[in-house]
Amino acid sequence: MTTATTGTTSVKGSHGAPHTRVEGPEKVTGAARYAGDVPFAELAHGWLALSTVTRGRIRSVETGPVLAMPGVLAVLHHGNAPHVDTDYVGLLGVPDPTAAVFQNDRVPHRGWPVALVVAETSEQAREAAEALVVEYEEEPHDIAFSAGRPDAYASGGPQGQDVEEKGDLEAELAASAVVVDEEYTTPEEHHNPMEPHAATARWEGGRLEVVDSNQGSTWIVNELAKLFSLDPSSVRVRSEHVGGAFGSKGVRAHQVAAVMAATVLQRPVRVVLTRRQMFSLIGYRSPTTQRIRLGADADGRLRALEHDSLSLTSTVHEFVEASAGVARVMYDAPAHRTANRVVRLDVPTPTFMRAPGEAPGSFALESALDELAEKCGIDPIELRARNDPETGPVSGLPFSSRNLLACFSEGARRFGWADRDPRPGMRREGHRLIGTGTAAASFPARAIPSTAAVTAEADGTFTVRITASDVGTGARTALTLIAAEALDVATDQVRVRIGDSDFGQAMIAGGSMGTRSWGWAVTAAARDLREQLALGGSIPPEGITARSDTSAAIGALAATERHSFGAQFAEVSVDTATGEVRVQRMLGIFAAGRIVNPLTARGQFVGGMTWGISMALHEEAVRDQSSGGNVGADFAGYHVAANADVPHVEAGWVDDPDPDDPVGIKGIGEIGIVGAAAAIANAVWHATGVRHRSLPIRPDRVLLAGEGTQRV
Ligand code: MOS
């Protein structure tokens with residue numbers, strides 16, 4: 001479903017027609033202000049100084065010489081910074097002191113904030129921060145991540161179970177005609193968004209105000225209120241425009257440091273992170289090593305499925321990249337075991353990064369399925385059809401809808417899968433080998449209670465207020481379409497205001513749950529307002545407002561397996577002389593609920609798939625064992641797929657409205673990356689006959705693996 005893009009339409013009942021971003025003109029003319037652009041009188045600038053050792057204690061912070069430098073106002077560090085509550089409970093119901101800076105002399109990883117230098121200008125602050133001498137008592141560090149770590153332990157993190165099992169795995173494996181037993185690895189990956197993290201904090205009339213770039217302003221309010229022991233009503237956070245987030249824009253060191261400095265100096269203080277600082281301060285995706293064991297009958301029906309994943313976390317906070325979770329949704333077997341394990345090392349705390357768990361987990365699982373298809377001599381799509389479960393493999397719950405096979409049949413038709421010769425290494429064009437591959441995708445479709453207000457204005461227009469965050473996805477536009485439909489008015493009569501915590505509690509832009517959760521609340525308020533307006537009467541100058549709270553409605557949802565699904569297809573060429581893999585074309589077909597705005601939805605899917613190309617072929621953060629930091633912590637050293645790496649990528653969808661959502665939405669933010677890297681790796685196998693079980697599939701790995709095989 002390649003949708004022609006047209007200009008902004010404003011037609012009543014245009015829901016489902018493509019609509020350009022409502023804030024697009026503001027953004028392309030430069031009128032849109034991002035967090036670091038908003039002007040303030042008397043603004044001071046903070047610059048973070050980061051540790052240059054990987055583990056140890058701060059012995060001294062030599063503030064004297066720096067305080068004498070031009071423009072310097074203060075140096076905050078563990079010896080003088082305001083105290084915060086480090087035992088407070090964060091987003092996931094456990095204490096997370098990752099952003100609780102300057103509370104003690106401990107250095108838990110390289111790049112940990114040890115001081116904030118505040119000055120009249122950003123340049124003065126930076127110069128002083130770079131001149132600041134900090135002495136350390138260095139301790140030996142351990143950052144060596146490997147499958148054999150004896151100190152690894154089982155944990156699913158607060159997001160899920162660590163181990164789930166049923167049946168006798170070893171017995172079923174022994175009884176299997178075909179067995180796949182392989183290890184897959186993915187590297188440390190970073191989700192540096194284009195707009196760096198930036199926050200300005202100030203006290204205004206007894207209230208703490210923060211202008212920020214985040215995924216949810218009430219989230220930041222709740223976290224700052226707990227950290228600084230404030231009443232949440234005395235904190236206001238705004239985040240009007242966000243230049244990308246991908247999981248990284250929650251509470252981070254810069255907001256906390258800005259609030260501390262604004263409190264100490266009693267003037268507005270802005271802290272902006274540099275690209276290089278972001279590599280150690282905003283979280284990242286843990287590397288994984290995953291073992292998959294599949295046992296099947298000769299016809300490909302699974303008897304045993306084991307997915308065991310190891311990731312790392314910091315000594316500060318346990319965050320688990322729960323990669324084995326995807327197997328609990330995708331395939332059933334009489335013996336089924338999934339385990340997430342983690343090891344604590346002297347590294348920064350990892351965090352949510354687009355499709356946390358599912359992105360690396362699907363690389364391993366969907367590669368293994370392809371290996372099983374090869375061993376059984378069964379088409380990879382047919383293998384998935386034979387193992388499509390009736391109910392949740394582990395939960396036993398019914399699926400609210402599971403349209404995975406519809407995605408595969410539509411995708412196969414459009415991609416031209418039927419013409420494929422299943423044998424590897426058969427297509428050669430000059431010095432290049434060509435291959436195609438496929439993989440399945442899934443992502444949970446959840447909703448979180450939110451509040452919204454919709455006002456009928458006296459001039460006949462409507463204003464929606466909700467603490468949503470548009471991190472670049474087009475959420476503001478989707479909410480405009482949703483409100484217009486619920487109100488049955490033209491889109492240009494609806495103004496949607498977001499990104500202000502004073503609008504009330506709402507879900508964050510995360511977990512592919514933003515637009516679904518907000519759309520539900522907006523629809524509920526809009527329907528209520530329509531009923532009020534239907535009673536007649538004139539609209540007073542202040543308008544008529546209806547408010548919603550979806551807690552009860554969402555709480556009443558029956559327990560089901562509710563997910564989006566997708567089928568990824570890739571065609572690659574592999575240069576046998578250089579080892580370079582190029583993706584020639586990609587197609588993703590998704591069953592991801594009702595699509596509100598085809599234009600921005602396509603952007604979400606294609607963006608995720610493009611990231612899959614990046615994950616498969618390019619992204620790899622290298623951590624230096626001796627220094628403990630990332631080598632090349634910038635966009636020169638860490639390559640993400642750029643225009644020249646990205647070929648024709650197409651995304652489409654099958655009809656799949658969620659039956660229990662008032663709009664029919666499921667969520668589309670993350671599923672585009674799921675399975676994408678596996679489809680590419682499977683295509684590389686089809687091109688060359690060589691399996692790549694470690695990402696990224698670099699030229700040197702291709703050349704090394706090619707030696708001795710010489711299949712063609
Ligand atoms: Mo997303 S990784 O849930 O922000």
Side-chain angles (χ1 to χ4, degrees), residues 90-93 96 98-99 156-160 186 188-195 197 212-220 223 239 242-252 278 282-286 288 311 313 317 319-323 325-326 348-363 441-448 450 467-475 498-499 506-518 562-564 592 603-605 607-612 614-615 619 640 665-677:
L91 179 73
L92 294 173
D96 179 1
T98 298
Q159 306 177 80
T186 61
E188 176 180 327
E189 297 163 345
H190 287 257
H191 49 0
N192 265 256
M194 194 57 78
E195 180 209 15
H197 295 51
D212 189 26
S213 174
N214 66 52
Q215 288 175 239
S217 288
T218 49
W219 177 21
I220 307 302
E223 303 270 318
S239 176
V242 182
F246 311 114
S248 75
K249 283 184 175 165
V251 166
R252 295 279 157 200
M278 287 163 75
I282 68 163
Y284 58 97
R285 195 190 310 277
S286 165
T288 69
S311 62
T313 191
H317 173 63
F319 178 89
V320 180
E321 182 79 22
S323 301
V326 68
T349 310
T351 194
F352 307 99
M353 174 163 149
R354 203 175 197 170
E358 282 81 2
S362 64
F363 165 65
S442 74
F443 198 82
R446 302 194 187 103
I448 298 287
S450 299
T467 314
S469 176
D470 189 334
V471 295
T473 57
I498 62 171
M507 177 53 186
I508 64 167
S512 299
M513 289 183 263
T515 298
R516 178 167 187 224
S517 303
W518 306 319
R562 195 183 306 274
H563 308 270
S564 292
Q604 285 296 288
F605 292 132
M609 294 166 70
T610 300
W611 206 342
S614 205
M615 178 181 172
E619 289 184 49
V640 296
I665 296 173
K666 277 189 173 176
I668 59 174
E670 282 155 290
I671 193 167
I673 192 174
V674 182

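Count residues from 1 along the sequence. The figures that follow rest on heavy atoms only: side chains count, while hydrogens, waters and symmetry mates do not. As the structure lists them, so they are numbered: ligands from 1, and atoms in each ligand from 1.
- Side-chain N/O atoms of Gln604 and Thr473 include no donor and acceptor closer than 3.5 Å.
- Residue contacts with ligand 1 for Met353 involve N, CA, C or O but no side-chain atom from C-beta outward (heavy atoms, distance under 4.0 Å).
- Here is the list of ligand 1 atoms found below 4.0 Å of a heavy atom in Gly511: 1 (Mo), 3 (O).
- Close to ligand 1: Glu670, with a non-hydrogen atom less than 4.0 angstrom away.
- Residue contacts with ligand 1 for Ala245 are absent, since no atom lies close enough (heavy atoms, distance under 4.0 Å).
- The aromatic rings of His190 and Tyr284 lie parallel to each other, with less than 30° between the two planes, well short of the 60° mark.
- Judged by distance alone, with hydrogens and angles left aside, the side-chain atoms of Ser450 form a donor-acceptor pair with the main-chain N or O of Ile448 at under 3.5 Å.
- Every atom of ligand 1 with a heavy atom of Pro356 under 4.0 Å away is listed here by number and element: 2 (S).
- Using modelled atom types, one finds a donor on one side chain and an acceptor on the other under 3.5 Å when comparing Ser213 with Glu195.
- Using modelled atom types, one side-chain atom of Ser564 and one backbone atom of Gly667 make a donor-acceptor pair closer than 3.5 Å.
- Of all heavy-atom pairs between Gly283 and Thr351, the closest is CA-CG2, 3.6 Å.
- Ranking the protein heavy atoms by distance from atom 2 (S) of ligand 1 puts Arg354 N, 3.3 Å first.
- Near Phe352, meaning under 4.0 Å from one of its heavy atoms, ligand 1 places the atoms 2 (S).
- Nearest-residue assignment for atom 4 (O) of ligand 1 (options His191, Glu358, Gln215, Lys249; heavy-atom criterion): Gln215.
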